Structure formats: structure tokens, C-alpha cells
Protein chains: 2
Amino acid sequence: MAFAPSSTPDPSPNTVNAQATATRKSADESGRLTGTQSIERALLLLREIAAHNRTGSRLLDLATRTSLQRPTVHRMLKCLAHEGMVQQDPDTHRYYLGSMAFELGLTAAPRFNLREIAHPGMVRIAEATGDTVFLTQRSGLDAVCIDRHEGTFPIKTFTLDIGMRRPLGVGTGSLAIVAALPEEEIQTIINSNQPRYEEYGVAGGTLLTQAKKAQKLGYSIREAPTLAGVRSVGHSIKNQSGVPFAALSVSTISSRMTEKRVLEIAQLLKNEARLIERQLNNGM
Amino acid sequence: MAFAPSSTPDPSPNTVNAQATATRKSADESGRLTGTQSIERALLLLREIAAHNRTGSRLLDLATRTSLQRPTVHRMLKCLAHEGMVQQDPDTHRYYLGSMAFELGLTAAPRFNLREIAHPGMVRIAEATGDTVFLTQRSGLDAVCIDRHEGTFPIKTFTLDIGMRRPLGVGTGSLAIVAALPEEEIQTIINSNQPRYEEYGVAGGTLLTQAKKAQKLGYSIREAPTLAGVRSVGHSIKNQSGVPFAALSVSTISSRMTEKRVLEIAQLLKNEARLIERQLNNGM
DNA sequence: ATTTTTCGTCCATTTTACGGACATAGCATG
DNA sequence: CATGCTATGTCCGTAAAATGGACGAAAAAT
């Protein structure tokens, strides 16, 4: 499979057995699998339903969008609904993903969900440092704090709440993401977010400088602009393609954050980020 | 087919139309669907893989557990893997749920995930009261805080962190869940958790009294045992079968929690809990 | 090196799924 | 409230898709 062989369909003349002229292998000429047509179609349907899960999909639209016959789609949907993979609103007749889809997702999450993958590492960092660790994920021009793990040190700095969304570049984890992006994208982001930075006490001008510094160091570092006496260190997490999309960061009071300790923490973050990336990369 | 193959291959006698004697309807005698065998089998496989997703499944085990032929299972898995629904570890050959399963789950979540369903209501409560709202979910003999939404009132009480897990009955939301359970289960829970209550400053004895009070009132209420001056109100959320499995609660400083206000908040919680239950019930 | 177990593939057979045609429900419009 | 119009749901003869017995290859165990 995968490469495209001879285009001749081999018309196989002298027909004793009327049926099945074409040779059947595990994949046909175009590299498509055989013996799994209906499963492929069912998955195609699921993807199509997922793509419109907010509004729901009507039978006819699904048939059109998948280029399948209406009866075929209907029969498959009935089965998928029966098994809970999809759900049909009894009033509108529209189809949505069902509870089984949700439950499979929950089961699969530990191998794909950044938060779950990162969790053990965050615990290790919090235990090693005693300070609070944050996991930040990029979301368009923003960064969202998707997890936090508190260390044992009794004095806690102002902590980023889970779910909090701020313009890219504002937080230290966020800054690590920005710094790891290609030059021109950094500029675009800073320009786009310019008007929003003020209210977070960040000057767009200094941001580029900070990003360059982070690039040189290999980690981001910053005194919290709004809170004096708080210092944070961050490190980016990259996806399969090398694009930074998340970051780990540690935040604590400046007196605990000596230069030496900054280096230690940066190393710790780097190691854990690598570990996470490895799991994301092969998915295995 | 599907049932044990009679060894006679049935040489198909007087062959005008060799095929199909049995009448075919959309469901056969036993009520099972027709025209969807392979989809049913594929979903069966997915369920089986999900059930062993921690360890992964070997081809032969899947064949055994699903009572399907190995070649059939293999062919289907190849397709499912091709589409990303499952993933095969290249070293061990074991099968796991794939990224598509995770992504479908994410898409389906807004209609099934308690946190997502409850979110709008929590925002409404926080806006109406100005205080912090908590969403608690039962997990065995514990309760876990799965979401929190802060109100605008500047003085915040000690807040339960997201992800925090405590013995059932310790928090006010937790207490609401316990109170809504059947009498004998309450006893069992209190007995089982007895040794753990101490460290949370809750006496197992008073807990039963508090639960009875909550049953009478229709909502749970408590002065935080460890923090003087904090008062909370909670209301249970029940699933389709009427079993309480989660709760909403509001917590604030006692001076804000007058008797009159307790009633208002209790009503608010009750209404939002009802709304959430309705969405859970029909799933639509 | 040899046996045993498991994975992967082939291909003739026939059962399964397909889809044209029809039936029925919902919903505007004349 | 018929009347067309559009949508969902179902039937069933046919053909193509999926099945599974058999075999080969690759690991794993002995």
C-alpha cells in the first residue's frame, strides 16, 4: 500500500466465475483498505457529526456531506445511536455525538490529554521545589492556565487560577511559548495583542526584549509586573512538529528565587518538558 | 452466521435463487439490528479495548473476548488504527484507544461533562450572590471539587481547590450528597470514613445529625468546622436514577450569610441543580 | 536450534450491506 | 384542510463487501 501501482484494472476475460474479477489484496490500487467499507463509512459519519456537534446534523445533510446514500446513512446512524455513539434529538431529529463517544474519550484521555500527561511531572517539580507549578496552554492569541499544582512552601504567591485566560506573553509560561515561536509570529502576536497588554501591566515593547532574553537562556524568567517580590521561571513544551503550544512554569517569592536556584529550576522544567514531549510525540 | 458454524457448507440445492430464504426486516426476530454487523463488531471492539486501555490489548485476547475470528478482528483493527480510533504500540503490538477517540470525546463533552453542563449555572449563581460557587462530585467514599467559580465580593473565604479530594461528608456540597442518599448508605459511609474525619475537624457523630437536618431543609448548611466565620450552603445534583452524585455549594463569610440570605441561596442552588439534572436526564 | 505462540495475510465463498423504490411523518403554502 | 414539498424511516432483491479457514511469517518460549 501507500504507493500507487499499475493503473490497469485487469479486466480478466474468460469469465467462468462471474464474480470478483479484480484481485483482492488487503489494500486496493489507491492504497485504501479493503474489507472495512462500512467501518470507514461509520467513522466518516462520526467525524462529520463531530464537526457540527454544536448545531447537530440532519440525516440529509450527513448524506450529502459524506456522499453516501440516505438509506445507508440512516441504517448506520440507527446502529450508532443504538450503541450510544450518537444521539438523536427526538424532537428535531438531529444527530449529535453520544455518551459512548464521551466515555471513550475519557478512557483515552490519559494518553492524549496534556493535563493528564503532564500531571506526574508537575507533582515532581512541586515536590522538588516546594513551590507552585503551572501548566499553560496556548489558545489562539491567548494562553490559558490548564493546571496548577501547589508545593509545600507555606508562603504562596498570587496564583493563577485554572481556566484563567490572558493574552499571550503576559504570564511567564506564556512568555516561554512566545519566545519559542518563529521570529515573525512573535511580532504578529505582540502587534495583535498590543492594546490588551496595558491592563496586565506589560509593555509590548519590553515583551520582545524579554522574549529574546528567553531565547538566549532557553527558559523564560520574569518578575511579576503587577506584584513586586514574585519571580517566575518557565519552559515551553513543543508538539510533534516542534511548534510550542504549552509551557510549564514555577512561581515563588523573589527571596527564594536566587540566581543559582533559577538555573536549577530551569533545568528541572526542561527535563520534565522533554519527558512530556516524548510522550506526545509517539503517543505510545 | 455469528453462531457456531455447522460443518456442512450447505451446497445450495435447486439453485434458481440460491440465496436468502429468511425474511429480512430492519430487525431480526431477537430485536437485533440488521445491515450493521460490522459496525456493531467494531464498536464492540472499541468497548473491549477501552475496558483494558491501561494495559492495552493483544489481538488474540480481543478475538477471544469478543468471540470474533482473529482475521476479522485484525482487519477491523487495521482500519480503526488507520483512522486513528485505535493505536497500536509498534513494539508490543498491543492496541489502545487512539487520538480520534480522545477528540470525539472532547467534542461530545459539552453535552455530557458535568463541569461543562454546570458551568453556566455556576456563573449565574456567582453573579447573583457575589460569592464563590463550588461544584463537587462524589468519587467512591470521597468527594472531589471539580470546579469553582469566584464571585465579585472582595473578601474570599478559604477556597477549596479544584481537584481537592476529601472524605464524603466533610464539605458542605459533600454533605448535601450524603444527605440525599438512602439511610443505610449514609450509615455505611460514615462508618467507613470514621477514622478519616478527625483530621478534617468533623465528628462522625454530628455528621449524621447534620445530614438529617439537611434532609429536612432540602439543602445542606454548615459553619466551616476548621474556619470560624465561614458559612456554606449546598444542594445535591441527582442522576437519571435519582441517585445523588454531585452538588453545588456557595461559601462566604458568616456576616453575609443571614438566615434570609441562606434561604435565597438555597432556592437559587435548587433551581440550578434542577436545570443541570434536566440536561443530564434526557441528554438532549 | 526447535517448538510454540501470536501476528499478519490471502482468497473463495456467501452473508452482509447496499441503495433504488416506496411509505410515512412533518410542515409550509394555496 | 387539502396539497404539494421536504424530510425521515423502511423494505427487499441484488451484488459487492466482509467473512473466516488456511497458510506463512515473525516473535517468544523452551
Side-chain angles (χ1 to χ4, degrees), chain A residues 1 10 12 15-28 32-42 44-45 56-64 66-82 86 88-95, chain B residues 1-13 15-28 32-42 44-45 56-82 88-95:
Chain A
M1 60 176 297
D10 176 26
S12 175
T15 314
V16 176
N17 182 0
Q19 207 224 321
T21 49
T23 47
R24 293 266 266 85
K25 298 208 168 185
S26 69
D28 71 8
R32 284 190 47 254
L33 304 171
T34 60
T36 52
Q37 189 197 57
S38 57
I39 296 177
E40 276 166 39
R41 288 177 168 188
L44 177 61
L45 270 177
S57 304
R58 301 179 326 144
L59 175 61
L60 221 108
D61 296 340
L62 286 173
T64 309
T66 56
S67 309
L68 297 172
Q69 296 295 118
R70 257 202 349 282
T72 302
V73 173
H74 182 266
R75 181 166 30 81
M76 288 180 167
L77 287 175
K78 200 164 65 171
C79 172
L80 291 171
H82 185 78
V86 309
Q88 185 179 28
D89 186 308
D91 301 326
T92 65
H93 291 196
R94 292 178 106 87
Y95 291 93
Chain B
M1 59 152 328
F3 35 83
S6 60
S7 49
T8 39
D10 177 24
S12 176
T15 315
V16 174
N17 182 359
Q19 205 224 326
T21 49
T23 48
R24 293 265 267 86
K25 299 205 168 186
S26 69
D28 72 9
R32 284 192 48 256
L33 304 171
T34 60
T36 53
Q37 190 197 56
S38 56
I39 296 177
E40 276 165 40
R41 290 177 166 188
L44 176 61
L45 270 177
S57 304
R58 299 178 329 140
L59 175 61
L60 221 106
D61 297 339
L62 286 174
T64 309
R65 293 205 298 264
T66 56
S67 309
L68 297 173
Q69 296 296 119
R70 252 202 354 282
T72 303
V73 173
H74 183 266
R75 182 166 30 80
M76 288 180 165
L77 286 174
K78 200 164 66 170
C79 173
L80 291 171
H82 186 78
Q88 185 178 27
D89 186 308
D91 300 328
T92 65
H93 291 196
R94 291 179 107 86
Y95 291 92

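Naming convention: chains lettered A, B, ... in sequence-line order (proteins, then strands); numbering from 1 in each chain. Predicted, not measured: the structure shown is a model, and the values here were computed from it.
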How many Å lie between [atom1] on [X] and [atom2] on [N], as a whole number?
| X | N | atom1 | atom2 | result |
| --- | --- | --- | --- | --- |
| B:E40 | D:dT19 | CD | P | 11 Å |
| B:L77 | D:dT19 | CG | P | 12 Å |
| B:I39 | D:dA17 | CD1 | P | 15 Å |

Handout entry: Inter-residue atom distance A:S67.OG - A:L44.CG, 0.5 Å rounding
Key =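 Output value for this atom pair is 8.0 Å.
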Practice task
Mind checking the CG-CD spacing from A:L45 to A:E40? Nearest 0.5 Å is all I need.
Solution key: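 Taking CG in A:L45 and CD in A:E40, the distance rounds to 12.5 Å.
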Looking only at side-chain N and O atoms, does [X] come under 4.0 Å of OP1 or OP2 in [N]?
| X | N | result |
| --- | --- | --- |
| A:K78 | D:dT10 | yes |
| A:Q37 | C:dC18 | yes |
| A:S38 | C:dT16 | no |
| B:Q69 | D:dT19 | no |
| A:R41 | C:dT16 | no |
| B:R75 | D:dT19 | yes |

Practice task
Just jot down the side chain to side chain contact (heavy atoms under 4.5 Å, CB included) partners of B:T92, sequence neighbours excluded, or say none.
Solution key: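 With sequence neighbours excluded, B:T92 shows a side chain to side chain contact (heavy atoms under 4.5 Å, CB included) to B:D89, B:R94, given in chain and number order.
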Practice task
Using side chain to side chain contact (heavy atoms under 4.5 Å, CB included) as the criterion, list what pairs up with B:L59, not counting sequence neighbours.
Solution key: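 With neighbours one apart ignored, the set is B:R70, B:V73, B:H74, B:L77, B:Y95.
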Just wondering, do [Y] and [X] contact through their side chains at under 4.5 Å, heavy atoms?
| X | Y | result |
| --- | --- | --- |
| A:H93 | A:R58 | no |
| B:K78 | A:T36 | no |
| A:M76 | B:I39 | yes |
| B:R65 | B:S57 | yes |

Handout entry: Test side chain to side chain donor-acceptor pair (under 3.5 Å) applied to A:R41 - qualifying residues, sequence neighbours left out
Key =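 None.
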Using the 3.5 Å cut-off, write out each protein N or O paired with an N or O of nucleotides 4-9 of chain D and the distance between them.
residue, atom, partner, partner atom, Å
D:dT8, OP1, A:L59, N, 2.9
D:dT8, OP2, A:L60, N, 3.1
D:dT8, O3', A:H93, ND1, 3.3
D:dT8, O4, A:R70, NH2, 3.4
D:dG9, OP1, A:Q88, NE2, 3.4
D:dG9, OP2, A:H74, NE2, 3.4
D:dG9, OP2, A:Y95, OH, 3.1
D:dG9, O5', A:H74, NE2, 3.3

Handout entry: Angle of first-five versus last-five pair axes in the helix from C:dA1-D:dT30 to C:dG30-D:dC1, to 10 degrees
Key =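 Taking five pairs per end, the axes differ by 50°.
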Close N/O contacts between protein and nucleotides 28-30 of chain D (under 3.5 Å):
none

Problem - A:T72 side chain vs A:L68 backbone, donor-acceptor pair below 3.5 Å - result: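 Checking the backbone N and O of A:L68 against the side chain of A:T72, no donor-acceptor pair under 3.5 Å is found.
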